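Reviewing the structure listed below.
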Amino acid sequence: MDTTIAAIATAMSESGIGIIRISGKEAMDVISRIYRSKGGKKKIKEVPSHTIHYGYIYDKEEVIDEVLVMIMKAPRTFTGEDTVEIDCHGGVYAMNRVLETVLKNGAQIAEPGEFTKRAFLNGRIDLSQAEAVIDVIQAKNEYALKSSMNQLRGSVLKAIKGIREEIIYHIAYIESALDDPEHISVDGYGETLGKAVQKQKEQIKRLLAKSSEGKMIREGIKTVILGKPNAGKSSLLNMLIGENKAIVTNIAGTTRDILEEYITLEGISLKLIDTAGIRSTEDIVEQIGVGKARETAKDADLILYVVDSSMPLDENDEDIMKMLEDKKCIVLYNKTDLKAAISQEQIRESIKHPVIPISAKEETGMEELGKQIKNMFFSGEISFNDEVYITNARHKAALEEALSSLELVENSIEMGMPEDFYSIDLMNAYESLGKILGESLGEDLVNEIFSKFCTGK
Ligand SMILES: Nc1nc2c(ncn2[C@@H]2O[C@H](COP(=O)(O)OP(=O)(O)OP(=O)(O)O)[C@@H](O)[C@H]2O)c(=O)[nH]1
Ligand SMILES: [Mg+2]
């Protein structure tokens with residue numbers, strides 16, 4: 001952290017402006033070596049913090065680019081260090097030349113995520129907030145953006161800190177009582193602690209319960225389109241993505257491979273997966289496709305079961321319905337533009353899942369489908385005011401560890417174990433929760449987390 005780092009913070013493609021970011025002890029020296037104001041008089045090192053200046057970047061006597069320079073002095077900066085941002089023209093060559101000049105004059109190239117890592121190591125943000133930075137950048141829909149913005153503003157930090165404060169209070173109490181038994185008594189303390197642990201467990205469980213929603217917000221609901229051949233699965237996929245990506249023909253058994261596409265429906269991200277129509281067949285290639293379809297359906301978050309309403313139900317439909325018994329599923333009663341061979345009621349009698357009439361050809365029924373998905377996964381709405389969404393697998397694992405440590409505390413209380421037993425497991429729970437905030441994490445793990453960031457962030 002003694003070095004001064006620099007990187008291009010914007011995308012490496014032609015754009016209006018490009019930003020080169022410099023952070024570290026020597027940031028002001030570096031910029032003063034290469035910046036000249038328009039009149040040539042202004043000393044950039046002497047300007048007040050958090051001001052913007054117009055001028056040129058020079059490599060010795062050569063003008064490189066016309067720029068705006070932002071001067072931000074420690075500690076009120078993202079990294080907590082002296083920081084300079086150079087707004088130059090957003091050409092790939094121009095950005096590279098400015099960066100090169102910065103590097104020649106005392107800065108080192110930053111590693112991916114190094115700015116955010118410094119913010120974390122300098123105590124400007126905790127690890128959950130640092131991780132939220134990357135989530136904000138990668139957010140693909142409104143809800144993902146909102147939940148990661150909340151996390152960036154400290155929602156996870158606050159929830160975890162609250163639980164940890166309660167745990168440490170009890171650890172401290174037990175430890176002092178053991179040190180000073182004459183003045184502090186632990187008689188009957190098991191009961192008080194039991195109640196507290198119960199409450200902490202509930203708080204953690206609540207966070208965990210929201211984690212599957214969190215995962216779906218972030219990664220999209222894994223939605224598998226299933227049905228017998230010719231039901232209109234590929235037509236549905238094409239309609240939803242607004243593109244003729246999947247091959248559609250009136251030949252049963254057209255689709256063989258799995259096809260994946262991301263879409264946003266009513267603000268919710270879906271990872272849509274088209275599959276081969278399910279039937280028993282002699283064709284070896286098709287058999288493999290059917291096998292893949294069955295396999296993919298196993299760990300789906302949602303199944304869209306497409307039924308051809310112009311054909312009677314047959315043994316293939318029966319077979320599929322059996323697969324769907326304990327699944328989250330929506331039945332799409334397709335081809336409503338044709339004469340029906342089965343009614344919606346007949347389907348409702350054979351399967352307990354909701355049925356929505358659609359026509360993949362005439363593109364009807366999609367609004368209903370969006371609403372139904374929202375109802376199934378988010379009880380009709382996603383609220384962000386007081387809800388903390390755990391979207392990160394690392395956080396989820398740490399919460400689960402904390403929960404099992406608290407369960408051990410409960411066991412010890414029930415079995416009437418000595419008090420020092422309580423504090424060992426309480427301490428483990430405290431530390432597991434601390435991992436979310438980045439406490440007691442090994443350097444390797446911290447490096448690994450930040451290595452997933454983009455350069456310049
Ligand atoms: N009239 C009408 N035809 C449709 C509709 N949806 C699909 N089709 C037709 O049904 C036939 C089969 O459609 P696909 O989308 O290929 O069906 P699939 O379920 O993907 O079939 P496989 O890949 O063979 O399993 C094509 O001729 C489509 O044009 C619809 O809503 N109305
Ligand atoms: Mg198909």
Side-chain angles (χ1 to χ4, degrees), residues 222-263 265 270-298 300 302-324 327 329-348 350-351 353-373:
K222 186 177 174 193
T223 307
V224 177
I225 306 175
L226 224 57
K228 67 183 171 195
N230 260 350
K233 300 178 293 300
S234 302
S235 306
L236 174 72
L237 177 98
N238 285 346
M239 186 198 61
L240 287 171
I241 64 174
E243 215 182 309
N244 279 330
K245 200 103 189 218
I247 300 171
V248 168
T249 71
N250 59 3
I251 303 164
T254 301
T255 305
R256 271 69 191 298
D257 265 329
I258 301 282
L259 189 66
E260 293 183 359
E261 284 291 326
Y262 282 90
I263 61 154
L265 201 63
L270 303 184
K271 181 182 179 185
L272 271 184
I273 304 171
D274 184 24
T275 62
I278 289 183
R279 67 168 169 184
S280 46
T281 162
E282 295 300 309
D283 184 314
I284 294 177
V285 182
E286 196 182 346
Q287 271 175 13
I288 296 172
V290 172
K292 279 191 182 180
R294 289 180 188 278
E295 203 51 41
T296 315
K298 274 186 195 156
L302 171 67
I303 288 175
L304 297 179
Y305 168 34
V306 183
V307 176
D308 182 346
S309 67
S310 69
M311 304 284 266
L313 293 178
D314 58 21
E315 72 279 359
N316 293 319
D317 288 295
E318 274 168 33
D319 184 18
I320 296 166
M321 285 183 194
K322 273 202 203 97
M323 285 170 64
L324 301 180
K327 292 267 174 207
C329 170
I330 297 171
V331 184
L332 297 176
Y333 180 84
N334 190 30
K335 307 198 188 180
T336 50
D337 56 295
L338 298 179
K339 192 172 172 309
I342 35 158
S343 68
Q344 289 186 51
E345 284 62 42
Q346 272 172 290
I347 295 177
R348 287 203 173 86
S350 1
I351 194 164
H353 299 298
V355 180
I356 296 174
I358 66 159
S359 165
K361 188 176 171 204
E362 307 209 319
E363 311 200 348
T364 59
M366 286 313 109
E367 205 174 306
E368 289 297 300
L369 175 60
K371 280 189 192 140
Q372 184 65 44
I373 294 176

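Both ligands and their constituent atoms are indexed starting at 1 by order of listing. Positions are given from 1 along the sequence. Bear in mind the structure is a predicted one, so any value in this text is a computation, not a measurement.
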When rounded to the nearest 0.5 Å, the distance separating CG of Leu270 from CD1 of Ile263 is 4.5 Å
Between Thr254 and Thr249: side-chain donor-acceptor atoms closer than 3.5 Å: yes
Between Ser234 and Thr255, is any side-chain donor less than 3.5 angstrom from a side-chain acceptor? yes
Does a donor on one side chain and an acceptor on the other come within less than 3.5 Å for Asp308 and Ser310? yes
Lys322/Asp317 salt bridge by N-O under 4.0 Å criterion: no
List, pair by pair, the atoms of ligand 1 and of the protein that are both N or O and lie under 3.5 Å apart, giving the separation rounded to 0.1 Å.
| unit_1 | atom_1 | unit_2 | atom_2 | d |
| --- | --- | --- | --- | --- |
| ligand 1 | 1 (N) | Asp337 | OD2 | 2.8 |
| ligand 1 | 6 (N) | Asn334 | ND2 | 3.3 |
| ligand 1 | 10 (O) | Lys335 | NZ | 3.0 |
| ligand 1 | 15 (O) | Ser234 | N | 3.4 |
| ligand 1 | 15 (O) | Ser235 | N | 2.8 |
| ligand 1 | 15 (O) | Ser235 | OG | 2.5 |
| ligand 1 | 16 (O) | Thr249 | O | 3.4 |
| ligand 1 | 17 (O) | Gly232 | N | 3.1 |
| ligand 1 | 19 (O) | Ala231 | N | 3.2 |
| ligand 1 | 19 (O) | Gly232 | N | 2.9 |
| ligand 1 | 19 (O) | Lys233 | N | 2.8 |
| ligand 1 | 19 (O) | Lys233 | NZ | 2.7 |
| ligand 1 | 20 (O) | Ser234 | N | 2.9 |
| ligand 1 | 20 (O) | Ser234 | OG | 2.9 |
| ligand 1 | 21 (O) | Asn230 | N | 3.0 |
| ligand 1 | 23 (O) | Thr255 | N | 2.9 |
| ligand 1 | 23 (O) | Thr255 | OG1 | 2.8 |
| ligand 1 | 24 (O) | Gly253 | N | 2.8 |
| ligand 1 | 24 (O) | Thr254 | N | 2.8 |
| ligand 1 | 25 (O) | Lys233 | NZ | 2.8 |
| ligand 1 | 25 (O) | Gly277 | N | 3.1 |
| ligand 1 | 31 (O) | Asn334 | OD1 | 3.2 |
| ligand 1 | 31 (O) | Asp337 | OD1 | 3.4 |
| ligand 1 | 31 (O) | Ser359 | OG | 3.3 |
| ligand 1 | 31 (O) | Ala360 | N | 3.0 |
| ligand 1 | 31 (O) | Lys361 | N | 3.1 |
| ligand 1 | 32 (N) | Asp337 | OD1 | 2.8 |
| ligand 1 | 32 (N) | Asp337 | OD2 | 3.3 |

Identify the residue among Lys228, Arg294, Arg279 that makes a side chain to side chain donor-acceptor pair (under 3.5 Å) with Asp319. Arg294
Tally of protein N, O or S atoms, where distance to the Mg ion (ligand 2) is under 2.8 Å: 2
So do Gln346 and Leu313 actually touch side chain to side chain, heavy atoms under 4.5 Å? no
Under the salt bridge (charged side-chain N to carboxylate O under 4.0 Å, His left out) rule, what do Lys298 and Glu295 come out as? Steps first, then yes or no, please. CA-CA 5 Å; Lys298 274 186 195 156; Glu295 203 51 41; 3.2 Å; yes
Check whether any side-chain heavy atom of Val307 sits under 4.5 Å from a side-chain heavy atom of Leu332, and report yes or no. no
